[in-house]
Protein chains: 4
Amino acid sequence: MGVTMHGTKQQRRGNTRRRILDVALELFAEQGYEKTSLREIAEHLGVTKAALYYHFRTKEEILVSLFEGLTQPVEELIEWGRRQPHTLETKQEIVRRYDRALADAAPLFRFMQENQATVRELRIGDAFKDRMRGLKDIIIDPDASLADQVRCVSAIFTLHAGMFVMQDLGGDPEERREAVLEVAIDLVTQAHRGAHGS
Amino acid sequence: MGVTMHGTKQQRRGNTRRRILDVALELFAEQGYEKTSLREIAEHLGVTKAALYYHFRTKEEILVSLFEGLTQPVEELIEWGRRQPHTLETKQEIVRRYDRALADAAPLFRFMQENQATVRELRIGDAFKDRMRGLKDIIIDPDASLADQVRCVSAIFTLHAGMFVMQDLGGDPEERREAVLEVAIDLVTQAHRGAHGS
Amino acid sequence: MGVTMHGTKQQRRGNTRRRILDVALELFAEQGYEKTSLREIAEHLGVTKAALYYHFRTKEEILVSLFEGLTQPVEELIEWGRRQPHTLETKQEIVRRYDRALADAAPLFRFMQENQATVRELRIGDAFKDRMRGLKDIIIDPDASLADQVRCVSAIFTLHAGMFVMQDLGGDPEERREAVLEVAIDLVTQAHRGAHGS
Amino acid sequence: MGVTMHGTKQQRRGNTRRRILDVALELFAEQGYEKTSLREIAEHLGVTKAALYYHFRTKEEILVSLFEGLTQPVEELIEWGRRQPHTLETKQEIVRRYDRALADAAPLFRFMQENQATVRELRIGDAFKDRMRGLKDIIIDPDASLADQVRCVSAIFTLHAGMFVMQDLGGDPEERREAVLEVAIDLVTQAHRGAHGS
DNA sequence: TATGAATGAGTGTTCATTCAT
DNA sequence: CATGAATGAACACTCATTCAT
């Protein structure tokens, strides 16, 4: 078919569902959700479109599955954050852990960031918003100044941007990631100091 | 047809092109580029799809037109920035001016941010990237530490985020915008200080 | 395409809508609504499926259009009936007029009778039911005995059956139609006599 | 799955075939043959589609089975009718027995009446027509007037209509059925009298 | 007896685009 | 300046059916 097929017929048995998710994530991240057709996914896998429908009820459900599978760590992080004291150390640790979660599910987060308009109208839109709100709640001091609140959100966004936009900043990836992390931690630290006196 | 029409037939004469752009921007920003069909735009205007093709050769050209019309200020800002000395004051002024440009063309920037995946594949994708690179070049010190470079990019992203994502931070819009601006200026200031000694 | 095309390209201009309705009625009546695909209709006309969608918003709307165009006479009949005195002569005239309306829109009524299950779930289902109820109301005496009410409904059904099921009764069509009409009139007459004394 | 399942796993053993037929009849009658998918039937039963194919070779065969199982009484009635003298009493008895057969297999007959277009193209179409013809032959006097022949067919149709269409006539079901029966018997009686002198 | 996995052919529908008028 | 009419290509989705296990 003039299209790359992943794996032979042998390995395909029993893990088609996984393979669909893998290919879908790859294509969604690369081209966007709308521009990726089920035909395309199916062709990459060497199966028919109908096969996709055996494993997922709609195109959207594929995305939902991806989302659920990959954002659990963030949920756990929020859960954890809620139970910690609101100290500076906690917040710094949250940033560090979020950075790790982000790196682990990089393609999905890239997708989420680049397809916000699409995601907003889909079922996962709200879930994503909730998660962001949850994150904010555990690093933002409710009675901090507006500027300090902005600093916290900015820290999160810096991490996001670090994943994708900052790739052309030069330096090797590991150094870059450390620099990004440093800035993010710096931001929450400043925010914390602002709220709790030097 | 149960659809809001903008303006009466009288006012429509002669400025259809403008009205197409207005409605298109509104819908692109609201629903995304792919999910907005030409039929929809035409219906909102009370004209036929074919009429759109009198004014624009393709759907993409509508977007290009929007982009060109609204990002000129940013281009001029970059032009201006290039001719200034690389002092702290200049950088702070750049941030201030960018903030203003952003506010003036808010719907377009919202669109650009929420439809990155789409934009990337379109003709304006490269133009947008160039512009961002231009911006970076005039606020980033080439020999600054990686972290300080990150701070500068972060400042820009903070402004972007301020436009949309931070709307649920509370406070009235004007206060919020000031807070965002403060943080962004703070970031470039820190970056500058880092590079040029306290 | 190996498919009969109706009319040359010349005659097609401007009356495609009508031609769609004609072909659709023909096919719906012949094969049923569900088994008739839009591809089939389009092929019979020598146009693309998309052309159908220029003239009708959905498949169902084609049917609705057919229905509305062809059942107006029945509506008018009901309207007329409501304004008449409830005499025997009126009822007999109603039966006669209904017979004529039926004959004029025979294919549609055949379709309605043979696709009841389908029609029930469609938008026209209720309209059809309403019309039948309206008919009943103008020939049934509300305080007639149950049996006499049945006679009236039976008269209507006899007319329906006469259109299609009784075609293999022998005799020439005109004679058959007269016989059917006679029986139907007989039924409402008996019903009327039952209710109003000899 | 949010779907009614009939019976527990215990009772299911061994009588799946029956249960398939039951559910299929229920759904066919309710939604029509075409709009009822095998997936739907399978889900209602709590089995997979493939299981249906163990018991029936095609979807159509399910319908054939239903038909055969439920119309045997009518066949026997026709057989019986053929052997009786063509007296008025015989005809009246035929109507009475047919009424009973109809009531016993009501859902199937409802289905047949509401899905004529579908049934016509299926294998059972001819069988059904044959049966109707058989019925006609035993209540219609071949040398009766056309009108009297119509009366006989009308009697049959009155019974059919009585099953479904006349449900909104008011009165309790039993009374209604009696009224319908009365009219049907009346019709064949008139037809007989017409043919054999007062 | 049944299931898990898949297919091929189809469905109705939408889209950006074209062009004679 | 704009419309009416149409197209070709695509899309998400559904269906009856098959078959190895």
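Numbers restart at 1 for each chain; the letters A, B, ... are given by sequence-line order, proteins then strands.
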>> Does dA6(E) have OP1 or OP2 under 4.0 Å away from a side-chain N or O of Thr48(A)?
In response: no
>> Tell me the interatomic distance from Ile20(A), atom CD1, to dA5(E), atom P, rounded to whole angstroms.
In response: 11 Å
>> On DNA chain E, compare the nucleotides closest to Leu52(A) and Glu60(B); which residue's is nearer the 5' end?
In response: Leu52(A)
>> Can you measure Glu34(A) atom CD to dT14(E) atom C1' for me and round it to whole angstrom units?
In response: 13 Å
> Among dA6(E), dT14(E), dG4(F), which is the nearest nucleotide to the side chain of Tyr54(C)?
Replying inline: dG4(F)
>> Of the listed nucleotides (dT13(E), dT7(E), dG8(F)), which one gets closest to any side-chain atom of Ala50(C)?
In response: dG8(F)
> Rounding to a whole Å, what distance do you find between Phe28(A):CZ and dA12(F):P?
Replying inline: 9 Å
> What is the distance, rounded to the nearest whole Å, between atom CD1 of Ile41(C) and atom P of dT13(E)?
Replying inline: 11 Å
>> Any non-hydrogen side-chain atom of Ser37(C) less than 4.5 Å from a side-chain atom of Glu40(C)?
In response: yes
> Does Arg120(B) come within less than 4.0 Å of Glu114(A), counting only side-chain N to carboxylate O?
Replying inline: yes
> Is Lys59(B) positioned over the aromatic face of Tyr53(B), cation under 6.0 angstrom from the ring centre and no more than 45 degrees off axis?
Replying inline: no
>> Using only modelled atom types and a 3.5 angstrom limit, is any donor from either the side chain of Lys49(D) or the base of dT3(E) paired with an acceptor on the other?
In response: no
> Nearest-Å distance, CG (Leu45(A)) to C1' (dA6(E))?
Replying inline: 13 Å
>> Can you measure Phe56(B) atom CZ to dA2(F) atom C1' for me and round it to whole angstrom units?
In response: 15 Å
> Within the structure, does a side-chain N or O atom of Arg39(D) lie under 4.0 Å from either OP1 or OP2 of dC15(F)?
Replying inline: yes
>> OP1 or OP2 of dA6(E) versus the side-chain N and O atoms of His55(A): is any pair under 4.0 Å?
In response: yes
> How close or far is atom P of dT3(F) from atom CD of Glu43(B), stated in whole angstroms?
Replying inline: 13 Å
>> Return the pairing partner of dT21(F) with a 3.5 Å limit on both distances, Watson-Crick or G-U wobble; otherwise return none.
In response: dA2(E)
>> Testing the basics here: between Phe67(B) and Leu108(B), what is the closest heavy-atom pair and its distance to 0.1 Å?
In response: CA-CD2, 4.0 Å
> OP1 or OP2 of dT14(F) sitting under 4.0 Å from any side-chain N/O of Tyr53(A)?
Replying inline: no
> Rounded to whole angstroms, how far apart are CZ on Arg17(D) and C1' on dA2(E)?
Replying inline: 16 Å
>> Counting C-beta onward and ignoring hydrogens, is there a side-chain heavy-atom pair between Asn115(C) and Gln116(D) closer than 4.5 Å?
In response: no
>> Looking at Thr16(A), I'd like to know whether one of its side-chain N or O atoms comes within less than 4.0 Å of OP1 or OP2 on dA6(E).
In response: yes
> Taking the side chain of Leu38(C) as heavy atoms from C-beta outward, which of dT17(E), dT7(E), dG12(E) is closest to it?
Replying inline: dG12(E)
